[in-house]
Undergrad: 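Following this message is one structure expressed as structure tokens.
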Amino acid sequence: MSERLAKKVLLLGWDAADWKIIQPLLEAGLMPNFERLVSAGVMGKLLSLQPMLSPMLWNSIATGKRADKHGVHGFTEPDPLGGVRAVTSTSRRCKAIWNILTQSGLRTHVLGWFASHPAEPINGVCVTSQFGLARGIAPGEPWPLPPETIYPARLIEPLARLRVLSSTLSVQDMRLFIPQAETIDQKEDRRLWIAAVLLAECVSMHAAATWVMENEPWDFMAICDTSIDHFCHGFMHYHPPRMEQVPEQDFSLYKDVVNGCYRFHDMLLGRLLELAGEDTTVLLCSDHGYYNDNLRPILTPQETGGLAVWHRPFGIFTLTGPNVRKDEWIFGPPTLLDIVPTVLTLFGLPIGADMDGKPLLEAFARPVEIATIPSWETVEGECGMHPPDRRQDPAASRALLQQFVALGYIEKPDANAEKAAEIAQRTNRYNLAQSLLDARRPAEALPILEELHAAEPARMLLSLILANCYLALGRVPDCRRIVETLARDKDAGTAALGQEQARLIPQIDLLMGMICFQEGKTEEALAHLKKVEALQQNIRHLQQELGRVYLKLRKWKEAETAFNRELKIDDDNPASHHGLAIALLNQRRNQEAAEHCLRAIALAHHKPLAHYHLGLALTRLGQDERAILALETSLMIKPGLLNAHRLLALLYNERDPAKASAHRKMIAIARHPPGARIQSGNCRYGASGGQSAPPLAYGAF
């Protein structure tokens, strides 16, 4: 066991919280409690996982493992008794952080976590996500608490009294969200009522959390609040700037809802921090962000998980506590998988080697020793998990399914139980395949995608994902076969395509352009991409692919223009920042190139060529020490990067001849493997005295 760094840990989850909303509110002084949190600790973006579906993501946060290990693959799953059921705490196949801490003898509470019902018998309090849900409950009607919502049972009565019904809220209560609330005709417009329901659910869970903090001792407490996500799904359409399809009157009424939601959460945060005390380490995170600007989708797919098109791949995190650095930004970025390893490190507990994340060591004020064990799954002792074969209460399962339908997470399950189970199974396998692709394990995703494609060959999105999987595996002919079939079908039946399929049509030519690029047919690739550009210039990743083609053609200005267009669409695109840096390097605009390399690295740290190109730009700028650091970092990620060895040999030539010689030796070994004859002579690599610097790695980013 390592040194314990935190007396207590409070883990706060704000579903869908996004820096792009928070930052302007901070600058305006409208989130003072959040400002207090970030100024006293570290902060950064948190990279989400694919697919961005809440049950999968929050279980990855809770376990430090991807979906193929934790077993939650969607909102629903086949019910062993027939039909479908909502995913629950029994769907999870491995220990969550509260199970590990229970097993370690720590007093642990968890409230509101996604897929936490029925409540687990942990060493503390468990309040499930069903606690405050009251959709369809009219004033005066009974509001029974679903069975097994709270553990231990002794807390059912005191906590149930804290729930708030939307009917008890007044127009005055809603003015933070909708300043003109009193002008709304509620018989014709139900949006005020929807906002009130979301607020009541949020307040209910907060009331339970504060009661537990005040009345039950704890070492660790996790609170998941999903209301930011729910408010965004209901009202992000009205957020400034006004979307073209939103009427002026609606915009005027509801444009403040999302900002109001964040400001309200800041108020709740203030109370939680007060109750936690200054000796508590606080980790606040979100599972993903939420598109709130020019990237907001016009069309939301009408399918299970369709709302995820609104989810931005970068969430937020902050970490504050006695042994945490102050007021610093953590680059990388870290991922959802890093939360549990960080919590274990704070408690001085070992990290499971089977976890997919790592602790955020750069957040700590001093060096920290990390301990590991093969797996927490094999550690014996009571951990508070339900047995996997435990039966779920049918009424509770039906109620949770109805809630998912009401929230728009899923479509209403088919009345035919067998068909509903089959659809749920296919959906979950599709989600699992996306998760494996996200983990860069396309070989494991391929058989799943091929099986699904054989069953639904007309499903365009599935065909495109299968084609991308083939491309990732280097199976270009198979990828071409799929895309050519899509192109033929598209040309034959364009008039019959639905809205969702029509939206995907440009992706066919975009993917064909990528195929041609892989095949070395650069001009043909350019023709396909320009065809897409003529139809829809602002489609995401189009300008990035055009930029790659222009780099290959050594058309530096055209590449610069394309990457700048992509970054105007989405500035959080590491590949486009890196591509722009290459274009600028080739125009000898080294300072600008270095800045874009730094942006790329901040968004995706483990990109060796971005570090190499940063080192090259800094070398040209005469900043040799910084260049050496960048180049050494590139080799830590990819030891065989010969251009980095060449440039380091140059930079070390006079500073440290032994290191220069070592880098030249690495180049010689790469050129002449052991057993091959190496010609004698002193290899020289220079950028001065008429000698040329190592070449750039065009397009490889």
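Heavy-atom basis, side chains included; hydrogens, waters and symmetry copies ignored.
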Undergrad: If we ignore angles and hydrogens, is there a donor and acceptor under 3.5 Å between the side chains of Asp327 and Ser39?
TA: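 Side chains of Asp327 and Ser39: no pair found under 3.5 Å.
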Undergrad: For the pair Asp279 and Lys8, find out whether any cationic side-chain nitrogen is under 4.0 Å from an anionic carboxylate oxygen.
TA: no
Undergrad: Any donor-acceptor pair under 3.5 Å linking the side-chain atoms of Trp310 with those of Thr300?
TA: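 Per modelled atom types, Thr300 and Trp310 side chains form a pair under 3.5 Å.
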Undergrad: Determine, step by step, whether Phe177 and Tyr254 satisfy the ring-ring contact (aromatic ring centres under 6.0 Å, His included) criterion, reporting the C-alpha distance in whole Å, the side-chain angles of both residues, the deciding distance to 0.1 Å, and the verdict.
TA: CA-CA 8 Å; Phe177 305 85; Tyr254 299 111; over 10 Å; no
Undergrad: Atom CD of Glu566 and atom CG of Asp571: how far apart are they, to the nearest 0.5 Å?
TA: 11.0 Å
Undergrad: With sequence neighbours left out, write down each residue that passes ring-ring contact (aromatic ring centres under 6.0 Å, His included) with Trp211, or none if nothing qualifies.
TA: none
Undergrad: Side-chain donor-acceptor pair under 3.5 Å between Thr633 and His605, yes or no?
TA: no
Undergrad: For Asp256, which residues count as a salt bridge (Lys or Arg N to Asp or Glu O under 4.0 Å) partner, sequence neighbours excluded?
TA: none
Undergrad: Taking Lys95 for the side chain and Trp376 for the main chain, is one N or O donor matched with an acceptor at less than 3.5 Å?
TA: yes
Undergrad: Within the supplied structure, the quantity of interest is the number of heavy atoms (other residues, nucleotides, ligands) at a distance under 6.0 Å from Lys7 NZ; does it exceed 12?
TA: no
Undergrad: If you count the non-hydrogen atoms of other residues, nucleotides and ligands that lie under 6.0 Å from CD in Glu278, is the total more than 12?
TA: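 Incorrect, the count does not exceed 12.
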Undergrad: Who pairs with Glu120 by salt bridge (Lys or Arg N to Asp or Glu O under 4.0 Å), at least two apart in sequence or on another chain?
TA: Arg92
Undergrad: Using side chain to side chain contact (heavy atoms under 4.5 Å, CB included) as the criterion, point out the one residue from Val309, Leu57, Asp438 that pairs with Met52.
TA: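 That would be Leu57; it is the only one of Val309, Leu57, Asp438 passing the side chain to side chain contact (heavy atoms under 4.5 Å, CB included) with Met52.
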Undergrad: Name the orientation class of the two ring planes belonging to Phe34 and Trp19 (parallel below 30°, tilted from 30 to 60°, perpendicular beyond 60°).
TA: perpendicular
Undergrad: Quick one: salt bridge (Lys or Arg N to Asp or Glu O under 4.0 Å) partners of Glu369, sequence neighbours excluded?
TA: none
Undergrad: Are Tyr290 and His233 close enough that a side-chain donor and a side-chain acceptor fall under 3.5 Å?
TA: yes
Undergrad: Who passes salt bridge (Lys or Arg N to Asp or Glu O under 4.0 Å) against Asp570, sequence neighbours left out?
TA: Arg540
Undergrad: Could you check whether any side-chain N or O of Thr210 sits under 3.5 Å from a backbone N or O of Ala207, counting only pairs where one atom can act as donor and the other as acceptor?
TA: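 Checking the backbone N and O of Ala207 against the side chain of Thr210, a donor-acceptor pair under 3.5 Å is found.
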Undergrad: With a cut-off of 6.0 Å (strictly less than), are more than 12 heavy atoms of other residues, nucleotides or ligands near CD1 of Ile298?
TA: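 Open.
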Undergrad: His577: which residues meet the ring-ring contact (aromatic ring centres under 6.0 Å, His included) condition with it, sequence neighbours left out?
TA: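 His577: ring-ring contact (aromatic ring centres under 6.0 Å, His included) contacts with His596.
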Undergrad: Output the distance between atom CD (Gln591) and atom CG (Leu618), rounded to the nearest 0.5 Å.
TA: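 Between atom CD of Gln591 and atom CG of Leu618 there are 8.0 Å.
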Undergrad: Trp14 and Asp225: side-chain donor and acceptor closer than 3.5 Å?
TA: no
Undergrad: Atom CE of residue position Met636 - does it have more than 12 heavy atoms of other residues, nucleotides or ligands inside 6.0 Å?
TA: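 Counting other residues, nucleotides and ligands, CE of Met636 stays at 12 neighbours or fewer.
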Undergrad: Do His288 and Ser48 have side-chain N/O donor and acceptor atoms under 3.5 Å apart?
TA: no
